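Contents: one structure, followed by commentary.
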Amino acid sequence: MGKRSYKLREKLSNTFELPKDIVLDVSKIIIIGTGQITVENHKGIIEYSEELIRINTGSGITALHGKNLAIKTIFQEEITITGEITNIEF
Amino acid sequence: MFIIRIWNYLRGYAIIIVKGLKIERFINLAVVNNIYIWDIEKLDYTTVKAKIGLENFRRLRDIVRKTDSSVSILNKRGFPFILRNIRRRKLFYSSLFLLFVFIYIMSSFVWMIEIVGTKNVDNENILRCLYNEGLKEGSWKGRLDRRHIENQVLIKMPELSWIGIQIKGTKAVVEVVEKSEGPPLISRTDACDIIAAKDGVITKLLVLSGDPLVKDGDSVRKGQKLVTGTILRENLEPRQIHSIAQVSARTWYEDAEEIPLQQIGYRPSGKVARQYKLKLLDKEFSGKRSVDFKDFNEYVEERHLISFGDYVFPIKLIEYRFEELVPELKTITVDEAKERCAERLNARIKLRIPEDAVILKKDIDYYTDKKSVKAKISVEVLEDIGVKQKIY
C-alpha cells in the first residue's frame, strides 16, 4: 500500500462519505466510560501485561495504559479490553 | 455477548493457564487460527488465565509448540460436564427428580383443615360435614368444588350463617360465621305482651305502650304478665297492640360453696415420661404406650414434621407427655378457705348476672366448722326483666 494509494483512498472516502475504517483499513476504537475499550480492525497484540496493552493497527500502534487490564474477547478483527484505563496513546 | 456466553456454557469450556514468554504471540496465533479464547487475564509476567471452548482445546497444541509455552487445564465448566456428572450419578439425580415429583404430587392434596371463627359450634361437627361433602385430609385439590361444598354445608348446618373455604398451599382454611342467637325478634307490627324473665321486685315500670298489670313495688314471678297488649276499653272493641315497656326490677342471685380444710393436692413430682407416635395419613405407628405413674397429667402435642409455610405434608409426630403427680395432703387455714370460696363464688355468679345489670348489694356469709368452710353469696341487682311475648 503506497502513500499515493492511501491519499487516493482518503480522497475517495471524503468525497463519497464512505466509512473510513473500511476504506482506509484503519482502526475504529470504541471507548465505553473508562472501563472498556473495543478496537476494531486490529492486526494483533504486541504486548500484553496488566498495566499496558499494545495493539497493532493499520495506522500504527495503539497503547492502552491502565490497571488490571484483561482481554475480554479477541477475534480476527475485534478486540475488547476491560479494566481501569487511564491513557490511550497512538 | 450474553448469547455467546450461553452458547459457550452449553458447549462446555475449559479454564486454562498458559505459561510462556511469548504470550502475545500465543494469543495472536490463536486468533489467526480461529481459536476463540476469551476472558484473558494476566496472572503474572509469564502466566495468563483464559477460557477456551472444548472443541478448540486440541488445536492449541500446534500453537503451544510454536511459542514454547505450556498449557494446563485449571477447571472445566459448562453443560457437558454437568451432564457427565449426572450420568455418573444416575441414581442420585433420578431419585432427586422423583423426590421433586413426589413433593409436587403431594402438594396437590389437602393435608390440613383449619377452621376459623367458631365460637359455639363444635369444630368436629363442621369437619364431619365437610368430610361428607368431600373435603377431608387427603382430598385432591383439583377435584374440589368449593362453591358446592360451601352451599351444601350451609344447608346442612343451619347454625352457620356463612362459610368460606380457601385453599392455601396444602391447607384448607375454612372460615365460618355463626348465626348470632338472641331472643326471637318480634316485629313492631305484631301484637305482644311483656312478661317477667325472672323473679323480682319491680322498682320502676315505664310503659310506653300497652296496659300495665302490675305497679311499682310489686313482686313478680318468672313468666308473669307485666304489661298486656290487649287493650280493653268500654264501648270499644278489644284491640291488640305491640306493647313497649321498661321494667326495672330488683332481683337476687344466690349460690353456695363448700371447701374442706383438709385437701388433697396434686403436685408434679418432676418425673416426665414421653411417648411418640408417628402418624402418616391415617396410619399410626407407635411404640408401647404404658405408663407406670399412678396419677399423672397427660399432654398431647401434634406436630407436622414437614411444612413449608402453607405447604403442610401429612406426616405428624404426636408426642404424649406424662407428668407424674404426687398426692399431697394439705391443711389450709380458715382464712384461705374463705378466700377460695369467695373467689369461686364471685366467678360463678358473674356468669349468671347480665352485663348491663347494676349490682346493688353483695353479701357473702361464711359458716365455719371443724372440717370445712361453707359460704353463701347473695347478690342484689337492678336489671330490666321485661321480655316481649307475642300474642297469638
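Chain letters run A, B, ... following the sequence lines, proteins first, then strands; residues in each count from 1. Here the structure is a predicted model, which means the values were calculated and not measured.
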(request) Spell out, as yes or no, whether a donor-acceptor pair under 3.5 Å connects the side chain of A/Y48 to the backbone of B/I40. (result) yes
(message) So for atom CG, which belongs to B/L21, do other residues, nucleotides or ligands contribute more than 12 heavy atoms lying within a distance under 6.0 Å?
(response) no
(request) Flag yes if more than 12 heavy atoms outside B/K76 fall under 6.0 Å of its NZ atom; otherwise flag no. (result) no
(request) Drop me the distance from A/I53's CD1 to B/E24's CD, to the nearest 0.5 angstrom. (result) 9.5 Å
(message) Between B/Y36 and A/T73, is the side-chain contact (heavy atoms from CB on, under 4.5 Å) condition met? List the steps.
(response) CA-CA 8 Å; B/Y36 177 50; A/T73 55; 3.3 Å; yes
(request) Give a yes or no on whether B/Y93 atom OH has more than 12 heavy-atom contacts from other residues, nucleotides or ligands under 6.0 Å away. (result) yes
(message) Other residues, nucleotides and ligands only: do more than 12 of their heavy atoms fall within 6.0 Å of NZ on A/K28?
(response) no
(message) If we define contacts as heavy-atom pairs under 4.5 Å, which of A/L69, A/I81, A/I74 has the most with chain B?
(response) A/I74
(message) Within a 6.0 Å radius of atom CZ on B/F79, are there more than 12 heavy atoms belonging to other residues, nucleotides or ligands?
(response) no
(message) Can you tell me if A/F90 has over 12 outside heavy atoms packed within less than 6.0 Å of its CZ?
(response) yes
(request) Please report the shortest heavy-atom distance between B/R5 and A/K72, naming the atom on each side. (result) NH2-NZ, 3.6 Å
(request) Name the member of B/N28, B/L29, B/I35 that forms the most heavy-atom pairs with chain A at distances under 4.5 Å. (result) B/N28
(request) Can you see which heavy atom on B/V32 is nearest to which on A/Q76, and at what distance? (result) O-NE2, 3.5 Å
(message) Could you measure the distance from the CD1 atom of A/I71 to the CD1 atom of B/I27? Nearest 0.5 Å is fine.
(response) 4.0 Å
(message) Under 4.5 Å from any heavy atom of chain B, what part of A/I46 do you find: side chain, backbone, both or neither?
(response) backbone
(request) Would you indicate whether B/L98, at its atom CG, is surrounded by more than 12 heavy atoms from other residues, nucleotides or ligands within a distance under 6.0 Å? (result) yes
(request) Using a heavy-atom cutoff of under 4.5 Å, enumerate the residues of residues 42-70 of chain B that contact chain A, numbered in order, or state 'none'. (result) B/K42, B/V48
(message) Looking at B/E301, I want to see if its CD is surrounded by more than 12 non-hydrogen atoms of other residues, nucleotides or ligands under 6.0 Å.
(response) yes
